[in-house]
Structure formats: C-alpha cells, structure tokens
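Data block below; observations after.
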Amino acid sequence: MEPILTLDHLSYAYHTLEGETKALSDISLSVKPGEFVAIVGPSGCGKSTLLSLIAGLLKPEEGEILLNGKSLKESATNIGYMLQKDHLLEYRTIYKNIILGLEIQHRLTEKNLEYVQKLMQQYDIADFADSYPRELSGGMRQRAALIRTLALKPDFLLLDEPFSALDYQTRLDVSDDIAKIIRQSGVTTLLVTHDLSEAISISDRIIVLGKRPGHIRSIITIDFGSEHQLSSKEARIHPQFQNYFNQIWKELKHDE
Ligand code: ADP
Ligand code: MG
C-alpha cells in the first residue's frame with residue numbers, strides 16, 4: 001500500500017532575535033492509510049513543530065513532505081487538525097460549533113449537514129445539539145471538537161495532545177472513546193502525546209523522538225496479537241503492555 005504521508009529527511013529551525021533554535025533534525029518516516037501512529041518524546045523536542053509542518057503551517061528548511069505522493073502544495077489530501085484546547089466557541093451551541101468548519105469553508109450543503117446529523121447520532125452527542133459548551137463536561141467538549149473535525153471529512157487527522165487538559169480519570173475514558181470513534185471512521189491519524197501509556201494503548205505504531213533537535217530514536221510497532229482491536233482499557237491490562245512500556249521508557253531515558 002502506498003503511504004498516505006511520507007517525510008523525507010525533514011529538518012526545521014526557528015529563527016528569532018535571540019538566534020536559531022534547531023527544532024527537528026533529519027526526520028524520515030511514512031504512514032500508511034488507516035494507520036494510527038503516535039509520536040512521543042520529551043517536552044520541547046519538536047512534536048508540535050512536526051505537526052505544524054505536516055499541516056503546512058510551517059515550511060521545512062530541508063527535506064520534503066509528501067501526501068499521497070504529492071507535495072503539500074499540489075496535494076488534495078484534506079487534513080484535520082485538533083489541538084489540546086477544544087477551541088469551542090462559548091456563544092455558539094454545540095451544533096453551531098460542529099458546523100463551524102463547514103461554514104467557514106462555505107460547505108454547508110444538504111449532504112454535508114446530513115452527514116453531521118449522522119455523526120452526532122452515531123457518537124451520542126445529538127442530545128446536546130442545543131446546549132452550550134459550558135454545559136458539557138471536558139470529555140464531551142473534546143468529543144464535540146472531534147466531530148467538528150470529522151465533519152470536514154479529513155483524509156488525515158493530526159492530534160496535538162488532545163487529552164492533556166483533562167484530569168487523569170476523564171482522560172482514560174475520553175482517550176478510549178475518541179480512539180474508538182477514530183478507528184470506526186477509518187481516518188489515518190497522527191497523535192502527539194507525552195503520555196506513554198496512552199500511546200501504547202491506542203496506536204498501531206509509536207515514533208519515539210529524542211531531545212532537541214528532535215530526531216527519531218526508534219519506531220515501535222504495537223501488536224497485542226489479538227484479532228480485534230483492543231480497547232485502550234484492555235490494552236492496558238494486557239501482559240505485553242508492560243514490555244512495550246519498558247522498551248519505550250528506556251528509549252526516552254537514553255538522552256538523560
Ligand atoms: P513539543 O511540542 O515537543 O513540546 P515544540 O515543537 O513546541 O515542542 O518546540 C520545539 C522547540 O522549538 C522548543 O525548544 C521550543 O522552545 C522551540 N519553539 C517552538 N515554537 C517556537 C517559536 N515560534 N519560535 C521560536 N522557538 C520556538
Ligand atoms: Mg507541543
């Protein structure tokens with residue numbers, strides 16, 4: 001299968017008045033359609049920078065980014081981007097928030113709105129359509145933000161620490177929930193997290209980045225040998241889980 005995303009010897013540095021900060025160095029990797037890939041690494045190692053490059057918000061200094069074999073400029077691949085904060089607008093209802101992306105892109109067609117209805121039914125948020133964000137729990141807000149992103153039918157989803165604003169208990173439930181929705185939708189996903197357990201419990205593959213400038217330390221395939229996709233809770237109690245944890249922990253500690 002052709003990769004949906006290819007990064008080829010990608011490097012990036014920020015230039016400020018204080019000088020140059022090398023953020024990423026020589027990153028090469030590829031992601032296959034439908035894969036769920038996590039990126040872990042210490043704070044400041046360039047994870048968010050990497051997502052911004054893929055989203056086209058920053059231009060690489062060196063190297064190349066290909067989406068479905070085409071450069072970002074030529075590619076018609078539709079990218080969805082979800083951040084740590086849900087960025088729901090407090091003065092709009094949940095429904096109005098969910099259709100916001102479509103509205104901005106002038107895509108409020110009957111067909112797209114039907115699709116929004118379907119998503120809201122399927123992912124149990126229809127009852128909150130007329131509620132305001134402040135009336136929802138952190139988890140439900142995050143779910144609404146995800147549905148807003150999915151409403152745009154992205155081919156590729158970028159998630160930057162989407163659960164880190166939630167408390168630990170909620171985080172377990174919400175990451176499980178969101179991972180399930182993403183799996184069902186089949187959209188290819190790149191998830192940035194600093195939570196190792198979260199990465200192991202929901203992804204197919206983990207890219208471990210080392211300290212600044214961010215570089216690839218290792219790429220680890222997660223396989224619990226099960227026929228069905230394990231829920232993140234099932235994964236966390238699987239005997240193999242601890243082995244993956246130790247292996248990746250060692251990689252992360254290597255720099256220190
Ligand atoms: P992470 O998401 O892994 O925590 P970032 O990609 O946000 O890391 O940042 C990588 C490095 O680049 C950090 O050292 C950070 O201070 C620096 N950096 C990030 N954004 C900017 C910016 N706009 N200007 C200058 N330096 C930046
Ligand atoms: Mg970051």
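For reference, positions follow the sequence shown, starting with 1. As the structure lists them, so they are numbered: ligands from 1, and atoms in each ligand from 1.
- Remark: ligand 1 atoms within the under-4.0 Å shell around heavy atoms of S43 are 4 (O).
- E103 and K96 are not joined by a salt bridge, as no carboxylate oxygen comes within less than 4.0 angstrom of a charged side-chain nitrogen.
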message: Determine whether L157 and L190 satisfy the following criterion, side chain to side chain contact (heavy atoms under 4.5 Å, CB included), listing intermediate values before the conclusion.
response: CA-CA 6 Å; L157 198 55; L190 205 50; over 6 Å; no
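- At under 3.5 Å, a nitrogen or oxygen of K47, whether backbone or side chain, sits near a nitrogen or oxygen of ligand 1.
- Ring orientation note: the planes of W249 and F245 are close to parallel, at an angle under 30° on the 30°/60° scale.
- Short contacts between ligand 1 and T16, defined as distances under 4.0 Å to a heavy atom of the residue, involve ligand atoms 24 (N), 25 (C).
- Closest heavy-atom contact between L24 and C45: CD2-O, 3.9 Å.
- Within the set G44, A23, P42, G19, the minimum heavy-atom distance to atom 13 (C) of ligand 1 is found for G44.
- Summarising the local packing, CD of E2 is surrounded by 12 or fewer heavy atoms from other residues, nucleotides or ligands at distances under 6.0 Å.
- Under the 4.0 Å distance rule, the nearest protein heavy atom to atom 16 (O) of ligand 1 falls outside the cut-off.
- In this structure, H194 has no ring pair (Phe, Tyr, Trp, His ring centres under 6.0 Å) partners at least two apart in sequence or on a different chain.
- On a distance-only criterion, S48 and ligand 1 share at least one N/O pair closer than 3.5 Å.
- N68 places no side-chain N or O within 3.5 Å of a backbone atom of S75 that could act as its donor or acceptor partner.
- Given atom 25 (C) of ligand 1, the protein heavy atom at minimum distance is Y14 CB, 3.4 Å.
- Regarding atom 14 (O) of ligand 1, its nearest protein heavy-atom neighbour is R212 NH1, 2.8 Å.
- No salt bridge links E234 with R236; every basic N to acidic carboxylate O contact stays at or beyond 4.0 Å.
- The distance between the ring centers of F163 and Y168 does not fall below 6.0 angstrom.
- Ionic pairing of D204 and K32 is not present here: no N-O contact between side-chain nitrogen and carboxylate oxygen is shorter than 4.0 angstrom.
- Under a 4.0 angstrom heavy-atom cut-off, G41 registers as lying outside contact with ligand 1.
- The Mg ion (ligand 2) has S48 OG as protein N, O or S atoms under 2.8 Å away.
- At least one test fails for K22 against the ring of Y12: distance under 6.0 Å to the centre or angle within 45° of the axis.
- Counting protein heavy atoms under 4.0 angstrom from atom 27 (C) of ligand 1 gives one or more.
- Closest protein heavy atom to atom 8 (O) of ligand 1: G46 N, 3.2 Å.
- Looking at atom 5 (P) of ligand 1, its nearest protein heavy atom turns out to be T49 OG1, 3.6 Å.
- Counting heavy-atom neighbours within 6.0 Å of Q105 CD, excluding the residue itself, gives a total above 12.
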